[in-house]
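Beneath this line is the structure, given in structure tokens, with notes to follow.
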Protein chains: 2
Amino acid sequence: MSRWEPDARGRLLRAALELFAEHGYESTTTAQIAERAGLTKTTLFRLFSDKREIVFQAQDELVALVKRGVDEADVGASPFELMVSGVRVLSGAHVDEHRRTGRILDPILAASPELNERAVFKRFALTVALEKALFNRLVDRWEAGALADLGIRAYYLGYDVWVASDGPAPLTSYVLEQVTHLQGAMQRVTNS
Amino acid sequence: MSRWEPDARGRLLRAALELFAEHGYESTTTAQIAERAGLTKTTLFRLFSDKREIVFQAQDELVALVKRGVDEADVGASPFELMVSGVRVLSGAHVDEHRRTGRILDPILAASPELNERAVFKRFALTVALEKALFNRLVDRWEAGALADLGIRAYYLGYDVWVASDGPAPLTSYVLEQVTHLQGAMQRVTNS
DNA sequence: AGTCTGACGGCACTGAGTAACATCACTATA
DNA sequence: TATAGTGATGTTACTCAGTGCCGTCAGACT
């Protein structure tokens, strides 16, 4: 018999989400989270860099995903196709469980300015990751930046629709639809 | 003779920037700032909502500026021209003193993750403000979003070049140059 | 059997931010 | 001229996120 129950991180995660849903993010203390998980504050801060990161723990993998999507695209793919490959792999990783989690998390997130700020930061990190990945594939500097904005915007727009809907369609299809909308908008708008 | 020295806010601001430049943002406490300004921590937090806002106090006016730029554009202006009008007014407000301030602030900002996060949030707020202003002028929803990304990106790219350079050219000229670059990039990239 | 390692607890601390109440020059009104 | 506000500041005491240091002990390793 081992000295401690396993999966400390998972227990903290579940405890935190329960408490956030019950009493809100701000009125839950880190000590309460640790206590419900059968641990102490010290351990919580060993496993999460700060309180906000408990909510966004999954987001860091996404950076690696966009990058991989761009890196794996066919040789000779156009800049636009490189970007699409990035957001395709990015959105492809979301299974249906993420939709349920999203429905719990989104209201908590909306109620806390602190969490909002972190969410925006994570979005920016994704944008920068996509921009860098595109730039590495020899896309022009301005093309890389503009395409990154477009792709990440499509991802977030698609995500919102996906979370709000109930259909069996995967996130990717919603995101690609948004990519098409934004592409059309940009074509119309940059000729004046 | 009045009971207190005037311009408490200004004194706090100057004290803070001095201390941040001397010892860095993180190792300066709010009590130290207040003390150098001849005030107390309480007053500091009455005048600034948190420690980060001391650095970004000027940013909130910018939101009003972009909005005004879009609102004031000619009737019959194209979506692209509406956006350009927004960033033109936005960047037009920066005088040479802002460049000096920027040179002091930028290294401080780069050294602190906390300030970085707030900076990204302010950028996002600007983007959202531009997007909403465009949408109010009957721009299509996707056009408004994509144009807002493009405009704010141009603003930040232009700002970086301006701060790094010494010429007499105003910020606006750098920003408009970036707008042109990004417009060309988007034209190339959205036809594949 | 002895030693090391790594995951956790305990404890005391710093510093941001909040809340409630006190102070007192100045102002307005009687 | 007395009196009653008003508003910007101070004082004190508090909560809570996050850090640092050290102690503990089961299991692994030799």
Side-chain angles (χ1 to χ4, degrees), chain A residues 1-20 22-57 60 108-109 111-119 121-122, chain B residues 1-20 22-57 60 108-109 111-119 121-122:
Chain A
M1 193 184 118
S2 65
R3 187 169 174 195
W4 294 286
E5 296 300 311
D7 194 22
R9 194 185 166 94
R11 273 151 54 210
L12 282 167
L13 219 51
R14 282 185 295 274
L17 295 193
E18 283 173 27
L19 286 165
F20 293 163
E22 287 171 23
H23 313 118
Y25 173 80
E26 327 232 288
S27 27
T28 303
T29 70
T30 54
Q32 288 169 351
I33 298 169
E35 189 191 352
R36 180 168 299 199
L39 295 164
T40 62
K41 222 179 53 165
T42 310
T43 301
L44 190 157
F45 283 108
R46 261 194 287 254
L47 297 175
F48 299 92
S49 55
D50 60 43
K51 191 181 170 191
R52 283 152 244 129
E53 281 302 307
I54 304 175
V55 176
F56 296 104
Q57 34 86 23
D60 285 339
I108 297 173
L109 214 145
S112 160
E114 201 176 321
L115 286 178
N116 239 282
E117 194 166 339
R118 179 59 55 91
F121 190 72
K122 295 291 184 181
Chain B
M1 192 183 118
S2 65
R3 186 169 176 195
W4 295 285
E5 297 299 312
D7 193 23
R9 196 185 163 95
R11 273 152 53 212
L12 282 167
L13 218 52
R14 283 185 294 274
L17 295 194
E18 281 173 28
L19 287 164
F20 293 163
E22 288 172 22
H23 314 117
Y25 174 80
E26 327 233 285
S27 27
T28 302
T29 71
T30 54
Q32 288 168 352
I33 297 168
E35 190 191 352
R36 178 168 300 200
L39 295 164
T40 62
K41 217 180 58 166
T42 311
T43 301
L44 189 156
F45 283 108
R46 262 193 288 254
L47 297 175
F48 299 92
S49 55
D50 60 41
K51 190 181 170 191
R52 283 153 242 123
E53 281 302 306
I54 304 175
V55 176
F56 296 104
Q57 34 86 20
D60 284 339
I108 297 173
L109 214 148
S112 159
E114 203 176 321
L115 287 179
N116 240 284
E117 194 166 340
R118 179 59 55 91
F121 189 70
K122 296 290 184 182

* To do: Answer yes or no: are there more than 12 heavy-atom neighbours, outside A:E117 itself, under 6.0 Å from its atom CD?
  => yes
How many whole angstroms separate atom [atom1] of [X] from atom [atom2] of [N]?
{"X": "A:L115", "N": "D:dA17", "atom1": "CG", "atom2": "C1'", "result": "14 Å"}
{"X": "B:L44", "N": "D:dT9", "atom1": "CG", "atom2": "P", "result": "12 Å"}
{"X": "B:L12", "N": "C:dG17", "atom1": "CG", "atom2": "P", "result": "14 Å"}
{"X": "A:D7", "N": "C:dC8", "atom1": "CG", "atom2": "C1'", "result": "15 Å"}
{"X": "B:E53", "N": "C:dG17", "atom1": "CD", "atom2": "P", "result": "10 Å"}
{"X": "A:R118", "N": "D:dG18", "atom1": "CZ", "atom2": "C1'", "result": "13 Å"}
{"X": "B:I33", "N": "C:dG17", "atom1": "CD1", "atom2": "C1'", "result": "13 Å"}
{"X": "A:K41", "N": "C:dA7", "atom1": "NZ", "atom2": "C1'", "result": "19 Å"}

* Answer yes or no: side-chain N or O of A:R3 and base N or O of D:dC25 forming a donor-acceptor pair under 3.5 Å. => yes
So if I take every side-chain heavy atom of [X] and compare against [options], which nucleotide ends up nearest?
{"X": "A:D50", "options": "D:dG18, D:dT9, C:dG9", "result": "D:dG18"}
{"X": "A:K51", "options": "D:dT11, D:dG18, D:dT24", "result": "D:dG18"}
{"X": "A:R52", "options": "D:dA17, D:dT12, C:dC8", "result": "D:dA17"}
{"X": "A:R46", "options": "D:dT24, D:dT19, C:dC8", "result": "C:dC8"}
{"X": "A:T43", "options": "D:dA17, C:dC8, C:dA16", "result": "C:dC8"}
{"X": "A:L39", "options": "C:dG15, C:dC8, D:dG7", "result": "C:dC8"}

* Test log, rule salt bridge (charged side-chain N to carboxylate O under 4.0 Å, His left out), inputs B:K51 and B:E26 -> CA-CA 10 Å; B:K51 190 181 170 191; B:E26 327 233 285; over 6 Å; no
* With DNA chain D as reference, determine whether B:A8 or A:E26 sits nearer its 5' end, using the nearest nucleotide of each. => B:A8
Counting the atoms with a prime plus P, OP1 and OP2 as sugar-phosphate, which does [X] contact under 4.0 Å by heavy atoms, base, sugar-phosphate, or nothing?
{"X": "B:T30", "answer": "sugar-phosphate"}
{"X": "B:S27", "answer": "nothing"}
{"X": "B:T42", "answer": "base"}

* Asked: Is a side-chain donor or acceptor of B:R11 paired with a backbone partner of B:P6 at a separation under 3.5 angstrom?
  -> yes
* Pairwise 5' ranking along DNA chain C for B:A31 and B:W4, keeping only the more 5' one -> B:A31
* Would you say the side chain of B:R14 lies within less than 4.5 Å of the side chain of B:D7, judging by non-hydrogen atoms? -> yes
* Validation row: A:T28, A:I33 side chains within 4.5 angstrom (heavy atoms) -> yes
